[in-house]
Amino acid sequence: MNRNISFKALGLSLAVAALAACSKPADKSPASESTVDSPQPAPASEQAVSTEGMWMPRQLPELGEKLKELGLELDPKTMTDLTRFPMNAVVSLGGCSASFVSPQGLVATNHHCAYGSISYNSTEDNDLLTNGFLAKTLEEELPAAPGSRIYVTVDMQEVTDKIKSQLSDDMDGATRFKAIEDAEKALVADCESDPGHRCEVYSYYGGASYYLIKQLAIRDVRLVHAPASSIGKFGGDIDNWMWPRHTGDYSFLRAYVGPDGKPADFSKDNKPYAPKHHLTVATEGPKEGDFVMVAGYPGRTNRYRTAVEVNNNFSWYYPTMQKVLAEWSDVIGEATKDNKDAALKYASQVAGLNNYSKNFTGMMEGYNRSDLLKRKQKLEKDLQEWIEANPESKKQYASVLKDLQNLIADQQSTQERDLLLGFMNRSAMLSAAQRLYRLSLEKQKPNMEREPGYQERDMTRFTEGMKRIERSFYTSVDQAVWTYFLERYNALPQDQHIESFDTFFEGKLSGEALQEKLAGMYEKTGLTETETRLQWMDKSPEDFRNSDDPFIQLAVATYEDRDAIEQRDKAMAGRFAQLRPQYMDLLIAYYNEQGKPVYPDANSSLRLTYGLVKGYTPPAGTIKGPADGNDGKDGFVPFTTLRGIEAKYTGEDPFDAPQAELDAIKNKDYGRFYDEKLDSVPVNFLSTVDITGGNSGSATMNGKGELIGLVFDGTYDSINADWDFNDNTRAIHVDVEYMLWVMEKVDHADNLLEEMGVAAPKDGSVQ
């Protein structure tokens, strides 16, 4: 996770809803002492093939020869065009990836990426999470959760010169931050003069280059199909990040537009969006050793961080965050116990918290087994020697490493306080009050001078955010979570407290006094009502200052102190915006001299990565018992089958399964998806593609660009991939054959199979 301030959003971003997890962790799977699929050890490859890199489409021609040798049949040069196949078929959901799979705007993604929309449409009487959902007709499709979007990338232009022309070497951090922000806002405003599009400026290589990306923003998104969670989340948190895996992590959404073909709000008069391109869905998945590629929107990686940053993240940040997230999840679990309605509202948040808690644990374990820090230290030593040995480099980069390290030390000096202050307002009510008051202040400025997030372009999102609170808010749970974070804040040394915050609470920050204070605030506030929150969007700053709503009073009272912290963070970000690009320029120059192409860290923009279907041998001591027919010493094969579902089944979450699926497995009703070599239907497979959070739901394609699966996870030994790619890094995909088998044999989604062009032959023959 990148903890540096970005120009898109200040503060700490937990991203706890992007990936899914499920139930309480356990030491082992019920099947960990049984033979699941009885595979043979995977054969060792004759020669290791490096598949590291999340590549910008424009870089693919540089890799053309290698991609062709591995199995790409498309022309890498045409894949640079985001308006052509296959890139135009790949879309973002704003946190997850997806792809069009029919001419009628049908979108395939992960089950956990649609989890919020499934939860949103669930009730105690009709629990779609448990039962699954299938719309047999367009009229039966359900509105996705408020704020859902499908973003289609239509253009990408380099704007580095337009940004850097506004900068000068003598700017301080705050001035540099504002200059970059103003330049970005101007570019975005011009781009968004084309209605229906969302534009953003993305920085690459730490800010060494900038690109303006234009996306069609489709805002009428509907839920079409999701299997029962006992398929879509089979294995839950126990199997999360683990191999072998048997999870049907897929779902389908549909994009709708207005009668004129342009993005529009939800309406019964809207029609399915007709994409320029969609992926052909294959009926046969890959075989071991096959070439595969994944196109999607990976979130953040940190491959180019310094040794000091690596050490700090693994020795302080991840241990701290793992503890906080685990305890946060426990607080919600206790507060929602015996309250199904509240549990449904917080299901998606709990899934994300559990997932990231486990992720951070794996990060630390993987790091402790690696030599990452030593390699980083050696790289920096080599860089300094290279600078000293090259007169031109010495002149240009002489102090870059030292200056960057000094800035990092400055940033880390207040990190514990900054982390806790970031959690101080974990009440949905306080967060809403703060945002609403900030909106009233920003509205006093001309639109182009407003803070990002409060401009006119942001008002639809802002409104949806205010509406969305109701689907994941329960008063008693919100109070319990806020109590937990207030108690952590209260434990800070007094000189690190926010004076205005303490004054408001009159020292009542613990025990019964705190609970009485909080109970009174929740009882008196009107912000629990959606209509009230929406009405406050039109109020003036004076209205807020005169309000008797306790959460609004707190937001007003603490604004100046919070703004001072924000200004400090901006100044720090501006300083990084000067030094980080210099460091990356140095690194690129060093690698270029060695003939190595350099991919940029992931930043939520469209990327393509490639690899081979391949098993792996896990590090010694990381396997707790026999699994998949062996103990891991001889290596894991890259496929699991239906046998594993049957072996793991316990009848209880997370190893439950629909009876229709169990019957089909027992009867060996494999149909046209039978794999003779596996003697079953493949469920999940491993590959060497390079992914991270945000790639969830990404299309897995063969060399022809056909959909052969969806990537949804990585192995436990790959969690460190955000920082370090190695020979054991593996992605986990749901096989297209399992998706189609479940849709045909279990859920009878014949209408969708026909729409995608993969319906079973009417004569019943097996193809």
Side-chain angles (χ1 to χ4, degrees), residues 85-94 96-115 117-118 121 128 132-145 148-153 215-227 232 248-258 261 263-264 266 268 270-283 295-297 696-701 705-712 734 736-744 746-760:
F85 177 87
M87 293 305 180
N88 187 252
V90 177
V91 300
S92 170
L93 303 181
C96 277
S97 302
S99 54
F100 288 119
V101 290
S102 89
Q104 290 81 44
L106 187 67
V107 168
T109 189
N110 286 158
H111 182 276
H112 75 255
C113 292
Y115 199 80
S117 292
I118 304 169
N121 285 287
L128 303 186
F133 173 74
L134 171 64
K136 284 286 190 178
T137 65
L138 296 178
E139 290 72 25
E140 294 177 3
E141 295 174 358
L142 300 174
S148 296
R149 294 286 187 275
I150 292 175
Y151 297 101
V152 186
T153 299
Q215 295 177 315
L216 185 70
I218 298 173
R219 56 185 188 268
D220 184 352
V221 182
R222 303 187 195 181
L223 179 65
V224 179
H225 172 50
D249 199 348
Y250 71 88
S251 63
F252 291 89
L253 306 170
R254 194 183 303 278
Y256 279 78
V257 291
F266 175 86
K268 62 181 179 60
N270 288 350
K271 62 181 182 180
Y273 171 69
K276 291 181 180 179
H277 301 282
H278 69 277
L279 300 182
T280 297
V281 178
T283 56
Y297 293 79
S696 291
S698 293
T700 305
M701 296 175 281
E706 296 173 331
L707 183 80
I708 55 172
L710 300 172
V711 71
F712 69 94
V734 57
V736 70
E737 292 175 271
Y738 182 56
M739 292 169 54
L740 300 180
W741 181 82
V742 171
M743 293 174 73
E744 184 174 293
V746 180
D747 289 329
H748 306 292
D750 304 317
N751 57 313
L752 299 183
L753 296 174
E754 183 174 352
E755 180 179 341
M756 293 187 293
V758 291

**Student:** Spell out, as yes or no, whether a donor-acceptor pair under 3.5 Å connects the side chain of Asp249 to the backbone of His112.
**Tutor:** yes

**Student:** Tell me whether Asp220 contacts the main-chain N or O of Ala264 through its side chain, where contact means a donor paired with an acceptor under 3.5 Å.
**Tutor:**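 Judged by distance alone, no pair lies under 3.5 Å.
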
**Student:** With a 4.5 Å limit on heavy-atom distance, are the side chains of Phe252 and Met756 in contact?
**Tutor:**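 Side chain of Phe252 against side chain of Met756, heavy atoms only: contact under 4.5 Å found.
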
**Student:** Any non-hydrogen side-chain atom of Asn751 less than 4.5 Å from a side-chain atom of Thr137?
**Tutor:** no

**Student:** Any sub-3.5 Å donor-acceptor pair from Asn121's side-chain atoms to Pro143's backbone N or O?
**Tutor:** yes

**Student:** Identify the heavy atoms of Val101 and Leu707 that sit nearest to each other, and give their distance.
**Tutor:** CG1-CD2, 3.9 Å

**Student:** Over all heavy atoms of both residues, which pair between Ala217 and Pro263 is shortest? Give the atoms and the distance, please.
**Tutor:**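 Smallest interatomic distance, heavy atoms only, reads O-CB, 3.2 Å.
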
**Student:** As an exercise, state the distance from CG of Asp747 to CE of Met739, rounded to the nearest 0.5 Å.
**Tutor:** 12.0 Å

**Student:** Return the set of residues passing ring pair (Phe, Tyr, Trp, His ring centres under 6.0 Å) with Tyr738 (not counting sequence neighbours), or none when no residue passes.
**Tutor:** none

**Student:** Go through His278 and Leu106 one step at a time and tell me if the side-chain contact (heavy atoms from CB on, under 4.5 Å) criterion holds.
**Tutor:** CA-CA 9 Å; His278 69 277; Leu106 187 67; over 6 Å; no

**Student:** Could you tell me if the ring centre of Phe100 sits under 6.0 Å from that of Tyr273?
**Tutor:**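 Aromatic pair counts; centres sit under 6.0 Å.
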
**Student:** Compare every heavy atom of Val221 with every heavy atom of Ser148, then report the nearest pair and how far apart it is.
**Tutor:**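 Looks like O-CG2, 3.8 Å.
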
**Student:** To the nearest 0.5 angstrom, please state how far the CZ atom of Phe266 sits from the OH atom of Tyr256.
**Tutor:**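 The OH atom of Tyr256 is 8.5 Å from CZ of Phe266, to the nearest 0.5 Å.
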
**Student:** Indicate the atoms forming the closest heavy-atom contact of Asn110 with Gly697, along with that distance.
**Tutor:** OD1-N, 2.7 Å

**Student:** Please list every donor-acceptor pair under 3.5 Å in which a side-chain atom of residues 86-94 meets a protein atom from a residue at least two apart or in another chain.
**Tutor:**
unit_1: Asn88; atom_1: ND2; unit_2: Leu82; atom_2: O; d: 3.3
unit_1: Ser92; atom_1: OG; unit_2: Gly94; atom_2: N; d: 3.0

**Student:** Is there a donor-acceptor pair closer than 3.5 Å between any side-chain N or O of Ser117 and the backbone N or O of Ala145?
**Tutor:**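 Checking the backbone N and O of Ala145 against the side chain of Ser117, a donor-acceptor pair under 3.5 Å is found.
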
**Student:** Can you list everything that forms a side chain to side chain donor-acceptor pair (under 3.5 Å) with Ser698? Sequence neighbours excluded, please.
**Tutor:** Ser97, Asn695

**Student:** Using every non-hydrogen atom in the two residues, find where Ser102 and Glu755 come nearest and quote the distance to one decimal.
**Tutor:**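 Between these two residues, the closest heavy atoms are OG-OE2, 2.7 Å.
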
**Student:** Does a sphere of radius 6.0 Å around CD in Glu140 hold more than 12 heavy atoms from other residues, nucleotides or ligands, not counting ones at 6.0 Å or beyond?
**Tutor:**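 More than 12 heavy atoms, drawn from other residues, nucleotides or ligands, come within 6.0 Å of this atom.
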
**Student:** If you define the side chain from C-beta out and look only at heavy atoms, does anything of Val758 sit under 4.5 Å from Val736?
**Tutor:**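 Val758 does not reach Val736 side chain to side chain.
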
**Student:** Might you work through the side-chain contact (heavy atoms from CB on, under 4.5 Å) test for Thr153 and Gln215, ending with a clear yes or no?
**Tutor:** CA-CA 4 Å; Thr153 299; Gln215 295 177 315; 3.1 Å; yes

**Student:** Between Lys136, His225, Arg254, which is the residue that forms a side chain to side chain donor-acceptor pair (under 3.5 Å) with Glu141?
**Tutor:**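 In the set Lys136, His225, Arg254, the residue that makes a side chain to side chain donor-acceptor pair (under 3.5 Å) with Glu141 is Arg254.
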
**Student:** Heavy atoms only: give me the nearest Leu138-Pro272 pair and the separation to one decimal.
**Tutor:** CD1-CG, 4.0 Å

**Student:** How many angstroms lie between atom OG1 of Thr109 and atom CG of Leu253, to the nearest 0.5 angstrom?
**Tutor:** 6.5 Å

**Student:** Check whether any side-chain heavy atom of Leu279 lies under 4.5 Å from a side-chain heavy atom of Val281, and answer yes or no.
**Tutor:** no

**Student:** Under the side-chain contact (heavy atoms from CB on, under 4.5 Å) rule, what do Asn270 and Arg222 come out as? Steps first, then yes or no, please.
**Tutor:** CA-CA 11 Å; Asn270 288 350; Arg222 303 187 195 181; 3.9 Å; yes

**Student:** Would you give the length of the straight line joining atom CE of Met743 to atom CG of Leu134, rounded to the nearest 0.5 angstrom?
**Tutor:**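 Output value for this atom pair is 7.5 Å.
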
